Amino acid sequence: MLNNIKPKTGRLLISEPFMADPNFKRSVVLLTEHGDDGTVGYILNQVGNLMLNDVIQDLWDAKNYIYFGGPVAADTLHFIHRCYDKLQSGEPIGNGLYWGGNFETLKILLNTNAISADEVKFFMGYSGWDNGQLDREIEQNAWMVSDSFNPDLIFSNDDEKLWRDVVVNLGPKYAHISNFPVDPSLN
């Protein structure tokens with residue numbers, strides 16, 4: 001295994017640098033649920049080409065980008081936030097981060113500019129693994145797991161830098177991986 005940290009709610013999955021699956025190429029996934037029923041998470045560094053006000057018409061000023069959360073249920077909208085004090089809802093996932101919450105309240109807060117773009121991140125679809133599936137992928141070195149990261153990273157909008165930063169944060173043993181070319185055949 002690339003590292004010995006086990007997946008758990010609130011931890012990050014970091015794809016190995018040459019992952020063939022285009023859905024997860026150089027991706028960082030925040031795990032929001034991990035248990036006997038499987039694992040759910042959201043890809044943090046695959047920004048889409050839609051803004052929130054493109055898909056929710058009554059959010060006239062919501063200029064938040066919508067990220068590709070994963071290939072499962074790609075027609076569903078989800079969000080991660082760090083503004084429980086304002087929203088008063090959401091499932092805690094650690095590090096002051098929350099998954100979901102009262103969307104009607106969120107819409108009001110967005111329309112009144114009471115929540116900034118660096119407090120909430122939106123996703124279409126999610127990433128999911130059946131019970132044991134993610135553990136097998138980790139054993140095959142498809143993923144590294146991080147349990148220590150700055151929660152500000154979650155709201156980064158620099159997709160490629162996010163993957164590199166999270167890899168470097170794993171420590172000196174892994175830092176060189178961040179410099180691997182995207183396509184080694186072009187090296």
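Below, all heavy atoms of this structure are taken into account, side chains as well, without hydrogens, waters or symmetry copies. Keep in mind it's a predicted model, so treat the numbers as computed, not measured.
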Please answer whether the main-chain N or O of Gly132 pairs with a side-chain N or O of Asp135 as donor and acceptor at a distance below 3.5 Å.
no

Atom of Thr9, atom of Thr32 and distance for their closest heavy-atom approach:
CG2-O, 3.4 Å

So which heavy atom on Asn45 is nearest to which on Ser27, and how close?
OD1-CA, 3.3 Å

Is there a chain of hydrophobic side chains (I, L, V, M, F, W, Y, each step under 4.5 Å between heavy atoms) that links Tyr98 to Val40?
no

What pair of heavy atoms forms the shortest contact from Gly10 to Leu30, and how long is it?
O-CD1, 3.9 Å

Quick one: does any side-chain atom of Asn111 pair with a main-chain N or O of Asp58 as donor and acceptor, under 3.5 Å?
yes

Identify whether Leu50 and Leu77 are in the same connected component of the hydrophobic contact network (ILVMFWY, side-chain heavy atoms under 4.5 Å).
yes

With clusters defined by side-chain heavy atoms of hydrophobic residues (ILVMFWY) lying less than 4.5 Å apart, directly or transitively, does Ile66 cluster with Val28?
no

Can you name the nearest heavy-atom pair linking Lys25 to Gln46, along with the distance?
O-NE2, 4.1 Å

Which heavy-atom pair separates Gly35 from Asn131 by the least distance, and what is that distance?
O-OD1, 3.9 Å

Heavy-atom closest contact (Arg11 atom, Phe149 atom, distance):
CA-CE2, 4.4 Å

Donor-acceptor under 3.5 Å (Asp159 side chain, Val47 main chain)
yes

Leu153-Val168 co-clustered via ILVMFWY side chain contacts under 4.5 Å
no

Enter the distance from Leu162:CG to Arg164:CZ here, rounded to the nearest 0.5 Å.
11.5 Å

Count I, L, V, M, F, W, Y as connected when their side-chain heavy atoms are under 4.5 Å apart, and connections chain through other members. Are Met51 and Phe79 then in the same cluster?
no

Going from CG on Leu52 to CG on Leu59, what distance comes out if it is rounded to the nearest 0.5 angstrom?
5.0 Å

Out of curiosity, Thr112 OG1 to Leu110 CG, how far, rounded to the nearest 0.5 Å?
8.0 Å

So, do Trp163 and Ile177 sit near enough that their side-chain heavy atoms are less than 4.5 Å apart?
yes

Extract all donor-acceptor atom pairs below 3.5 Å that involve side chains of residues 116-125 and protein atoms in other chains or at least two apart in sequence.
from, atom 1, to, atom 2, distance (Å)
Ser116, OG, Asp118, OD1, 2.4
Ser116, OG, Glu119, OE1, 3.3
Glu119, OE1, Lys86, NZ, 3.1
Glu119, OE1, Ser116, N, 2.8
Glu119, OE2, Lys86, NZ, 3.0
Lys121, NZ, Leu44, O, 2.8
Lys121, NZ, Ile154, O, 2.9
Lys121, NZ, Ser156, O, 3.0

Expected output: side-chain Asn23 to main-chain Gly70 donor-acceptor under 3.5 Å
no

Determine whether Ile138 and Pro7 make a side-chain contact, defined as any pair of heavy atoms from C-beta on separated by less than 4.5 Å.
yes

Crowded around Phe155 CZ? As in, over 12 foreign heavy atoms under 6.0 Å?
yes

Residue from Trp99, Tyr42, Tyr67 passing side-chain hydrogen bond (donor to acceptor under 3.5 Å, both in side chains) with His78:
Tyr42

When you measure from the side chain of Arg26 to the backbone N and O of Pro17, does any donor-acceptor pair fall under 3.5 Å?
yes

How many angstroms lie between atom CG of Asn157 and atom CG of Asn64, to the nearest 0.5 angstrom?
11.0 Å

Rounded to the nearest 0.5 Å, what separation is found between the CG atom of Leu87 and the CZ atom of Phe103?
10.5 Å

Just wondering, are more than 12 heavy atoms of other shown residues or ligands nearer than 6.0 Å to CD in Gln133?
yes

For residues Tyr174 and Val166, determine if any side-chain heavy atom of one lies less than 4.5 Å from a side-chain heavy atom of the other.
no

Take Met144 and Val167, measure what side-chain contact (heavy atoms from CB on, under 4.5 Å) needs, and give me the verdict at the end.
CA-CA 9 Å; Met144 297 170 281; Val167 169; 4.3 Å; yes

Contacts of type side-chain contact (heavy atoms from CB on, under 4.5 Å), residue Gln88, not counting sequence neighbours
Tyr84

Working to the nearest 0.5 Å, report the span between OG of Ser127 and CG of Leu31.
9.0 Å

Is a side-chain donor or acceptor of Ser15 paired with a backbone partner of Phe24 at a separation under 3.5 angstrom?
yes

Starting from the C-alpha separation in whole Å, work towards a yes-or-no answer on side-chain hydrogen bond (donor to acceptor under 3.5 Å, both in side chains) for His34 and Thr39.
CA-CA 4 Å; His34 181 73; Thr39 304; 2.6 Å; yes

May I ask you to say whether Lys107 pairs ionically with Glu104, meaning some side-chain N is under 4.0 Å from a carboxylate O?
yes

